[in-house]
Undergrad: 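What follows is a structure written as structure tokens; I'll ask about it next.
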Amino acid sequence: CHASGDASRGPVLNGIFAHEAQVNVNGKLETVTVDEEYLRESIISPALKVVDGYSPLMPAFKSQLSDEDVINLIAYIKSLGDADAS
């Protein structure tokens with residue numbers, strides 16, 4: 001879902017950490033920094049701040065993932081390189 005290309009259903013995650021993103025919050029555009037807090041919120045309750053240009057398709061993982069799982073997902077996203085670097 002987060003692959004590069006036109007068929008992507010979610011934003012590309014490569015190189016996203018520590019960058020800014022435009023998100024829809026209650027129908028208003030806001031700029032957020034993609035940090036650990038934003039990623040945690042986006043995994044647990046993804047419909048709260050949806051990246052502009054995407055629909056709120058991602059399911060909430062609140063009751064499906066442990067805290068350790070979320071920490072590991074965040075670490076993985078942080079480790080992804082820039083999509084243009086490959």
Side-chain angles (χ1 to χ4, degrees):
C1 291
H2 292 278
S4 59
D6 293 336
S8 180
R9 295 172 61 187
V12 175
L13 299 178
N14 291 57
I16 196 170
F17 188 77
H19 288 85
E20 291 185 342
Q22 293 282 47
V23 296
N24 284 299
V25 181
N26 297 322
K28 296 181 183 177
L29 273 182
E30 292 184 13
T31 301
V32 298
T33 299
V34 180
D35 57 11
E36 290 179 4
E37 181 180 334
Y38 171 76
L39 290 174
R40 175 178 295 282
E41 180 181 68
S42 294
I43 293 166
I44 301 299
S45 301
L48 292 178
K49 295 177 183 169
V50 178
V51 174
D52 190 40
Y54 293 93
S55 298
L57 300 175
M58 187 166 147
F61 289 98
K62 184 174 185 174
S63 60
Q64 298 178 31
L65 299 175
S66 68
D67 285 340
E68 184 177 352
D69 291 335
V70 174
I71 290 167
N72 288 334
L73 281 170
I74 292 169
Y76 173 72
I77 293 167
K78 288 171 64 174
S79 77
L80 294 174
D82 188 352
D84 296 330
S86 44

Undergrad: For Glu36, give me all partners under salt bridge (charged side-chain N to carboxylate O under 4.0 Å, His left out), at least two apart in sequence or on another chain.
TA: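 Applying salt bridge (charged side-chain N to carboxylate O under 4.0 Å, His left out) to Glu36 gives Lys78.
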
Undergrad: Can you sort out the partners of Glu41 under side chain to side chain donor-acceptor pair (under 3.5 Å), two or more places apart, ordered by chain and number?
TA: Lys49

Undergrad: Going only through I, L, V, M, F, W and Y residues with side-chain contacts under 4.5 Å, is there a path from Leu57 to Ile44?
TA: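 No, it is not one cluster - the side chains of Leu57 and Ile44 are not joined through contacts under 4.5 Å.
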
Undergrad: Can you list, pair by pair, the side-chain donor-acceptor contacts under 3.5 Å of residues 65-73, counting residues two or more places apart and other chains?
TA:
unit_1: Ser66; atom_1: OG; unit_2: Glu68; atom_2: N; d: 3.4
unit_1: Ser66; atom_1: OG; unit_2: Asp69; atom_2: N; d: 3.0
unit_1: Ser66; atom_1: OG; unit_2: Asp69; atom_2: OD2; d: 3.2
unit_1: Asp69; atom_1: OD2; unit_2: Ser66; atom_2: N; d: 3.1
unit_1: Asn72; atom_1: ND2; unit_2: Glu68; atom_2: O; d: 3.3

Undergrad: In this structure, would Leu48 and Leu13 fall into the same cluster of hydrophobic residues linked by side-chain contacts under 4.5 Å?
TA: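 No: no chain of side-chain contacts under 4.5 Å links Leu48 to Leu13.
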
Undergrad: Can you get from Leu39 to Val12 by hopping between Ile, Leu, Val, Met, Phe, Trp and Tyr side chains that sit under 4.5 Å apart?
TA: no

Undergrad: Should Val32 and Ile74 be counted in the same cluster of Ile, Leu, Val, Met, Phe, Trp and Tyr side chains packed under 4.5 Å apart?
TA: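 Yes: a chain of side-chain contacts under 4.5 Å links Val32 to Ile74.
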
Undergrad: For residues 17-29, which side-chain donor-acceptor pairs fall under 3.5 Å, sequence neighbours excluded?
TA:
unit_1: His19; atom_1: ND1; unit_2: Gly15; atom_2: O; d: 2.8
unit_1: His19; atom_1: ND1; unit_2: Phe17; atom_2: O; d: 3.2
unit_1: Gln22; atom_1: OE1; unit_2: Thr31; atom_2: OG1; d: 2.7
unit_1: Asn24; atom_1: ND2; unit_2: Asp52; atom_2: OD1; d: 3.4

Undergrad: If you round to the nearest 0.5 Å, how far is CZ of Arg40 from OG of Ser45?
TA: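 If I round to the nearest 0.5 Å, the distance is 11.5 Å.
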
Undergrad: When you measure from the side chain of His2 to the backbone N and O of Pro11, does any donor-acceptor pair fall under 3.5 Å?
TA: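 The answer is yes, because a donor-acceptor pair under 3.5 Å joins these two groups.
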
Undergrad: Over all heavy atoms of both residues, which pair between Pro46 and Pro59 is shortest? Give the atoms and the distance, please.
TA: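 That closest heavy-atom pairing would be CG-O, 3.4 Å.
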
Undergrad: Looking at every non-hydrogen atom in both residues, tell me the closest pair between Val51 and Tyr38 and how far apart they are.
TA: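 Minimum heavy-atom contact is CG2-OH, 3.6 Å.
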
Undergrad: State yes or no: do Met58 and Val34 share one hydrophobic cluster built from I, L, V, M, F, W and Y residues joined by side-chain heavy-atom distances below 4.5 Å, directly or via other members?
TA: yes

Undergrad: Run the side chain to side chain contact (heavy atoms under 4.5 Å, CB included) check on Ile16 and Ile77 step by step: do they pass?
TA: CA-CA 8 Å; Ile16 196 170; Ile77 293 167; 4.0 Å; yes

